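Only one structure is covered here, and it is reproduced in the block below.
In this text the structure is predicted, and so the values were computed from the model without any measurement. Note that these values count all heavy atoms, side chains included, but never hydrogens, waters or copies made by symmetry. Below, chains carry the letters A, B, ... as their sequence lines are ordered, and counting in each starts from 1.
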Protein chains: 2
Amino acid sequence: MTGPLAAALAGDPADPDLVRRARAWLSRTFEPADADVVRWVGRTGPVAAVRALLAGTAPEGARRRAAPRAGTDRSLDDLEAAARTGARLVVPEDDEWPRTALHCLDVALHERGPTGDRTTALVPPLALWVRGRPRLDELTDRSVAVVGSRASSPYGDHVAAELAAGLAERGWTTVSGAATGIDAAAHRGALAAGSPTVAVLACGIDRAYPQSHQRLLARILDDGLVVSEWPPGCAPLGHRFLVRNRLIAALSRGTVVVEAAARSGSLATANRARDLGRPVMAVPGPVTAATSVGVHQLLRADERVRLVTSAAEVVEAVGRLGDDLAEQPVGEGTARDDLGEVARRVLDACPVRVGVPPERLAAIAGCAELDVLRVLPVLELHDLVERVTGGWRITRP
Amino acid sequence: MTGPLAAALAGDPADPDLVRRARAWLSRTFEPADADVVRWVGRTGPVAAVRALLAGTAPEGARRRAAPRAGTDRSLDDLEAAARTGARLVVPEDDEWPRTALHCLDVALHERGPTGDRTTALVPPLALWVRGRPRLDELTDRSVAVVGSRASSPYGDHVAAELAAGLAERGWTTVSGAATGIDAAAHRGALAAGSPTVAVLACGIDRAYPQSHQRLLARILDDGLVVSEWPPGCAPLGHRFLVRNRLIAALSRGTVVVEAAARSGSLATANRARDLGRPVMAVPGPVTAATSVGVHQLLRADERVRLVTSAAEVVEAVGRLGDDLAEQPVGEGTARDDLGEVARRVLDACPVRVGVPPERLAAIAGCAELDVLRVLPVLELHDLVERVTGGWRITRP
């Protein structure tokens, strides 16, 4: 282990500065949604993972994929460039990390086993570059993705803007991709209603893509957020849009497709939302319009896709989840008694002092790792366990 | 039993002329969809029923409902008036009776027990006044109802006409109500494609309602049919449209709603089709159009309602029924072996010479009348039983 990065990463691997530096480096070294890499970093921890890569002791797959970019270290430059534009790197170890929203990707990663197609793989991000003032977890907590064709019709633009404005009035944040067409109309509708909105980009948070959206992105940043998995300066390469789409789906409680031609990229976002178990909604249009063909195909192909015509109907569809959660009784002293059998076993497996990773908890509790991943959020919600570097432990008083 | 009608009905109650005369009289004496009356006529036979009414020996309910009109006999005038306009009275005893299509109403009548709301009651017609050359059973065999708002939009008119033309190209007949708006557009679309179409009216088959559709109805009669439950000259009274709608639903393999405002009458037709177990389809439109609000409500309210955007998709939805039937193996010598237990018992209960009504078959076979009604079409399909005056018997070689 040599060089300035290796030196910088010497010290306590749980040190937040070291963690952030390591994840910044990983964020530039690996393309997002690489299931093997994300699994390995999750097991090893980010600082140890970078040390292993620098020392040549990382698993062969990770070393091979890191090779093209591992020779340089731009992590400090990236963090500084982000800071200059009012951005920060939010990492899973932060309070701000949208843990609840992205948990579905953790589950999906472990459910799918060995990696599938990288462009659509449901894999959690290694870190998120976030530009803007609000906290990412808070702004996305009650949010809906409104997506659709770039080549939208005036009808689609109108409906997207009305939906976003209606969601804003009901206290819901609109998440979209800042593209031309439906995305832009949705962001503008939210802004017109005086509500913050979240743009998830397929390029660096310091870049305007398309160029013509420079002013729109500036207005989004007044009260909202611009988010990306790619470090500052990164270009919006074609394949990155599909990777980005899974994040739009994961960060929001549900996805609405307003307009989509046949084989539109926005249908991919809808499919990701469906794969993640999130409500998928679609706004119909004239059957004579090519811009609605994909939407109608979506509605015909899957009866779980809900036809919606207004913001009220969208909230009805995504609000249920919240209501259902709210209905779960969380009695003060009886939280433990309300738990299911697996949850109790996992709780008993949690150590008091050092955090242990889910796979270790699974081994101790004698249940599947997937079950552990499913019950941990419930235990966290009940304030029975907490996440610390290295994994999970019993919440300290 | 006195008077010229009583004299005319003297003789064999199975005589086709007597049956037609009796049903013509019943058709004017009772408003359609009166469950008690239709049940009673079904049990008694039409000639005996009229005789009983004239003699004052009919059940009290039938007598009471017949009272306002039973004093006059216009049956011969009605049959002659019909003949003058190229129309005929088709009765359940005729080969032309659309037995298979209307069987769902027989089942619904017996399933629902004591009568419900008369305007929407799923009750088979006592007879049908039919104007035009084709056979009613043949023309409605592969048919789809295309219905919608009277106050349609140019978009709706266009889609209805395109659907009907597309159905025509695929060999399917369009059934509708000859009203302004979507109905007219559907008929016109079929005519433009050179295909016969069926108009089911809420007034006499010799009347044009609306008046402005005189030419449209004349064009429909070139190759198609105009059908009504009401005798010649009857006015399109408000409540008759809802009664008529069940017939549109029953005569066709499925119902497509093209445009419907909230609480549109065409939604009632869709509901009747659904109640009868027929596929219900709906064409979406702009969510900004009041003319599509009812359609979108329909699609949202019931996941069995299928979104369709083209004639091909409509045929896919209604064609299945036919395919499913076609797949049932009907081996020559083994037809009997393929039958279910109830069907075999009903077959054994059927007499060889005289027909007996379903309730008698139920008593002999020791099963529910509803079960008898369900298996009789299967037995008829296998050519094992045939319908004759008075009921069913074993098919004669």
Most chain B-contacting option - heavy-atom pairs closer than 4.5 Å, from A:Q297, A:H296, A:E303
A:H296
Could you tell me which non-hydrogen atom of A:V287 sits nearest to which non-hydrogen atom of B:Y155, and how far apart they are?
N-OH, 2.8 Å
Answer with side chain, backbone, both or neither: which region of B:V308 has an atom nearer than 4.5 Å to a non-hydrogen atom of chain A?
both
For A:E138, does the CD atom sit with more than 12 other heavy atoms under 6.0 Å from it, leaving out its own atoms?
yes
Between A:V293, A:T288, A:V283, A:L299, who has the most heavy-atom pairs with chain B when the cutoff is under 4.5 Å?
A:T288
Counting only non-hydrogen atoms closer than 4.5 Å, does B:L307 touch chain A with its backbone (N, CA, C, O), its side chain (CB onward), both, or neither?
both
When heavy-atom pairs shorter than 4.5 Å are enumerated against chain B, which of A:P286, A:S310, A:A289, A:S292 gives the highest number?
A:P286
